[in-house]
Amino acid sequence: MPETLGYHVVKTTFGTWLPGDVRGYWSEAWSAERGFHDAHRFHDEVDPVREEQARGRMKHPATTLTKEMGDVVAASIGQCIAKSGGGLKVMAAAIEPTHMHLLIPYSGRDIEITAKWLADQTTKAIHRQTSHQGPVWSKNNWIRHIFASEYWENALRYIDDHNVQAGRGSRPYSFLCDIEL
């Protein structure tokens, strides 16, 4: 089995990327009419019925990160890195209004637990430091395990491009590290 170099983690904000979305979606939604429809598989087709069903189940309005909330997320990630005692490093990050990208080198730690911890800590920080009190992140993550240096470099460029397009510069966060793979 090839060696894991790291992970491209994407976390979407609550209610902004629902099943049936035109951008594609990862299916775990269930409906009485359809049951599980190809659960745990990425779908690239538009399904407005699924999206409307998901919207109807939402108990809170969709969350869009403001600049203030994005700054809190960035500071909270930096604090998580410090608390990890060197066990968590982030090579690239882009914090957008509807999602964030993180490029995390392999450390031996469980990436699912790490992603959940980061979501939990950033949510708590937003609740403490801003007026937002509802959910911040969607339930699940999109985590791509990276085994090839070419994919790592592509993910790094992709994330840096998000920052450049948003006018932040390619590496705007002080918590980012430089790592040789």
Side-chain angles (χ1 to χ4, degrees), residues 1-14 16-17 19 23-29 36 38-44 63 65 69-129 135-164 166 168-181:
M1 183 165 164
E3 178 182 340
T4 303
L5 299 176
Y7 312 95
H8 181 180
V9 177
V10 179
K11 189 75 179 165
T12 58
T13 57
F14 177 80
T16 60
W17 198 323
R23 297 168 287 187
Y25 57 96
W26 184 259
S27 176
E28 284 192 334
F36 279 107
D38 294 326
H40 309 287
R41 174 172 104 51
F42 189 77
H43 304 273
D44 57 4
T63 300
L65 297 178
M69 292 164 77
D71 291 346
V72 170
V73 168
S76 180
I77 291 170
Q79 291 167 357
C80 288
I81 291 168
K83 285 179 192 174
S84 77
L88 173 64
K89 295 180 177 20
V90 178
M91 242 333 248
I95 301 166
E96 303 292 335
T98 60
H99 65 288
M100 74 173 166
H101 293 269
L102 300 173
L103 189 61
I104 301 175
Y106 178 79
S107 68
R109 294 181 179 207
D110 185 309
I111 191 61
E112 296 285 342
I113 292 171
T114 299
K116 186 174 180 175
W117 179 59
L118 288 168
D120 178 63
Q121 294 300 300
T122 56
T123 297
K124 287 177 180 176
I126 285 173
H127 290 169
R128 278 191 312 271
Q129 298 174 40
V136 175
W137 305 109
S138 60
K139 177 182 163 190
N140 298 314
N141 314 296
W142 180 87
I143 299 174
R144 170 72 76 185
H145 293 244
I146 301 174
F147 302 106
S149 59
E150 300 82 34
Y151 185 84
W152 180 269
E153 293 301 322
N154 287 340
L156 180 65
R157 276 192 299 277
Y158 179 78
I159 294 169
D160 284 352
D161 284 351
H162 269 67
N163 291 317
V164 170
R168 294 184 290 259
S170 66
R171 301 186 56 75
Y173 307 108
S174 61
F175 60 78
L176 297 177
C177 69
D178 290 321
I179 245 180
E180 294 292 325
L181 293 182

Worksheet item: Of the non-hydrogen atoms in V9 and A115, which two are nearest, and what is the gap between them?
Response: CG1-CB, 4.3 Å
Item to complete: Apply the side-chain hydrogen bond (donor to acceptor under 3.5 Å, both in side chains) test between S138 and each candidate in T12, T98, T13; give the one that qualifies.
Response: T12
Discussion item. Are the side chains of K11 and L102 in contact, using a 4.5 Å heavy-atom criterion?
Written reply: no
Worksheet item: Which atom pair, heavy atoms only, marks the closest approach of I143 to E112?
Response: CD1-OE2, 3.7 Å
Worksheet item: For L5 and W152, which heavy atoms make the closest approach, and how far apart are they?
Response: O-CZ3, 4.0 Å
Worksheet item: Of all residues at least two apart in sequence or in a different chain, which pass the side-chain hydrogen bond (donor to acceptor under 3.5 Å, both in side chains) check with H8?
Response: H101
Worksheet item: Can you name the closest pair of heavy atoms from A93 and N163 and give their distance?
Response: O-ND2, 2.7 Å
Discussion item. My understanding is that only residues two or more places apart in sequence, or in another chain, count here; which of them pass salt bridge (Lys or Arg N to Asp or Glu O under 4.0 Å) with D161?
Written reply: none
Item to complete: With sequence neighbours excluded, give me every salt bridge (Lys or Arg N to Asp or Glu O under 4.0 Å) pair touching residues 92-111.
Response: E96-R168
Worksheet entry | For A155 against L103, the heavy-atom pair lying closest together | CB-CD1, 3.9 Å
Worksheet entry | Flag side-chain contact, heavy atom, 4.5 Å: W137 against M100 | yes
Item to complete: Output the distance between atom CG (L176) and atom CE (M91), rounded to the nearest 0.5 Å.
Response: 8.5 Å
Worksheet entry | Residue pair R157 / V164, side-chain heavy-atom distance below 4.5 Å | no
Discussion item. Tell me whether S84 contacts the main-chain N or O of I81 through its side chain, where contact means a donor paired with an acceptor under 3.5 Å.
Written reply: yes
Worksheet item: Going by heavy atoms in the side chains, are T114 and Y7 under 4.5 Å from each other?
Response: no
Worksheet item: Residues in salt bridge (Lys or Arg N to Asp or Glu O under 4.0 Å) with K124, at least two apart?
Response: D120
Worksheet item: Which pair of heavy atoms, one from L118 and one from C80, lies closest together, and at what distance?
Response: CD2-CB, 3.7 Å
Worksheet item: Do side-chain atoms of T123 reach the backbone of V136 as a donor and acceptor pair under 3.5 angstrom?
Response: no
Discussion item. Once ring-ring contact (aromatic ring centres under 6.0 Å, His included) is applied, do any residues pair with H127, and if so which ones, sequence neighbours excluded?
Written reply: none
Discussion item. So, using side-chain contact (heavy atoms from CB on, under 4.5 Å) as the criterion, who are the partners of A74 when residues are at least two apart?
Written reply: I95, Y173, F175
Fill in: Pairwise side-chain contact, F147 with T4, heavy-atom cut-off 4.5 Å (strictly under)
yes
